[in-house]
Amino acid sequence: MPGDEASPQSPQSPRSPHSPQTPQPPQPPQPPSDPQPALARAERFVWLTARVLEQRRFAFHFLGGDADPVDTALGSYLNPDGGYGHALDPDLRGPLSQPLHTAHALRVLDSLGRCAGQRIERLCRHLTGVSTTEGALPVVFPAPRDYPAAPYHPMRDDPPGELLTTGPVVGLLHRNRVWHAWLFRATDFCWDRVENLHRTHPYEVQSAVAFLDGVPDRARAATAADRLGRLVREQRLAVLDPRRRAEFPPAPGYAPGEQLFPHDFARRPESLARGWFTDEEMRRSLDFLAGAQQQDGGWPVRREAWAPGSSLERRPIATLEALLTLRAYGRLPAQVSRPGPVPPR
């Protein structure tokens, strides 16, 4: 625990039958003309391919379904230690509680408006017990057994704390006004990492945004986000024009084509990351996202396909994220289910 429409091309000069053909850049996908068929095709894709959790999330967000079935489905991933496991994040298999699963669970609970109560208290106690000496969360805890995991999440005997996992967890807990002793040191860790980022990569930036969008100190968050946005543009971490994707190579260690676009950073218009991009850049990005829906109704996954089950499970998640982003920007019909908590001011 994830596009834009092309502008008209310049007219091509005529060629003789014997002149060499100039290779044309790949054209970005075109957005559908009517959003309702896109949603209907996505619904069919979800019923055909998704886990129970994603099916119930789709029903809640787009069909007027109740939150209780989503909550029940998420509960099947909950462990006695208060954490989440069982491949909730498809990149980590096996039953063990892992920080990536925690972040995924909190996103689901946040969308339901249920990120509170004894469940969150137990989760914070779990996080207290598994944090590093800095109060942060590693990407992956060492496992007593060799449970399968994506190769880009290597197991280490003594893993360091990472903004990649700590940022989203801390940001979502703050967004929902959770107060727990664990949050004090974890928040300090995130501030230090975010404010001292120099060389980074797109997924770490996403995690920084998740932290900044939820943390209570809004003035400090806005200042940090402004600096981070300049860094994103300087290091070309976001594809600003889908027609020119070759000019924005994937970060080291990423799969070919594993690039992020403005909508990947600013998933909602109220995000601090929205200010990093012009209206035209955002329009192109959302057009590209809308046009990326595939014939089967689902959205693609750009990261490395390392296991058949993981890839199959991640596509419905990517599809839900795409639909929620498009709806947040008014590209799909207004939501029919209850809204989540109001973002901090």
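- With sequence neighbours excluded, the residues that form a side chain to side chain contact (heavy atoms under 4.5 Å, CB included) with Pro202 are Leu237, Ala251, Tyr254, Leu260, Phe265.
- Applying the ring pair (Phe, Tyr, Trp, His ring centres under 6.0 Å) test to Trp191 and every residue at least two apart in sequence or in another chain returns Phe211.
- Between the side chains of Arg302 and Gln259, no donor N or O sits under 3.5 Å from an acceptor N or O.
- Classification of Arg93 and Asp146 as a salt-bridged pair fails, no side-chain N sitting under 4.0 Å from a carboxylate O.
- Listed for the Ser76 side chain is no donor-acceptor partner under 3.5 Å among the backbone atoms of Thr72.
- In terms of heavy-atom proximity, Val139 sits nearest to Thr165 at CA-CG2, 3.7 Å.
- Side chain of Arg233 to main chain of Trp276: a donor-acceptor pair is present (N/O by atom type, distance under 3.5 Å, no hydrogens or angles).
- Residues satisfying the salt bridge (charged side-chain N to carboxylate O under 4.0 Å, His left out) test with Glu247, not counting sequence neighbours, are Arg236, Arg244.
- A 4.5 Å side-chain heavy-atom check between Phe261 and Leu286 finds every atom pair outside the cut-off.
- Side-chain contact between Pro142 and Arg156: absent, with no pair of heavy atoms (C-beta onward) separated by less than 4.5 Å.
- A donor-acceptor pair is defined here as one N or O able to donate and one able to accept, closer than 3.5 Å; such a pair exists between the side chain of Gln55 and the backbone of Ala50.
- When the side chains of ILVMFWY residues are joined at heavy-atom separations under 4.5 Å, either directly or via intervening members, Ile317 and Leu323 end up in two distinct hydrophobic clusters.
- Looking at Asn79 and His86, their side chains do bring a donor and an acceptor atom within 3.5 Å of each other.
- Annotation: Asp158, atom CG; neighbour count of heavy atoms from other residues, nucleotides and ligands within 6.0 Å does not exceed 12.
- Using a 4.0 Å cut-off between a side-chain N of Lys or Arg and a carboxylate O of Asp or Glu, Asp91 and Arg314 qualify as a salt bridge.
- Under the 3.5 Å distance criterion, the side-chain polar atoms of Glu281 are left unmatched by any main-chain donor or acceptor of Pro262.
- Screening Gln294, Gln293, Gln295 for a side chain to side chain donor-acceptor pair (under 3.5 Å) with Arg41, the sole residue that qualifies is Gln293.
- Glu258 and Tyr152 share no donor-acceptor pair across their side chains, judged by distance under 3.5 Å alone.
- Asn176 places no side-chain N or O within donor-acceptor distance of the main-chain N or O of Gly113, the cut-off being under 3.5 Å.
- At least one test fails for Arg57 against the ring of Phe62: distance under 6.0 Å to the centre or angle within 45° of the axis.
- A donor-acceptor pair is defined here as one N or O able to donate and one able to accept, closer than 3.5 Å; such a pair exists between the side chain of Arg227 and the backbone of Val194.
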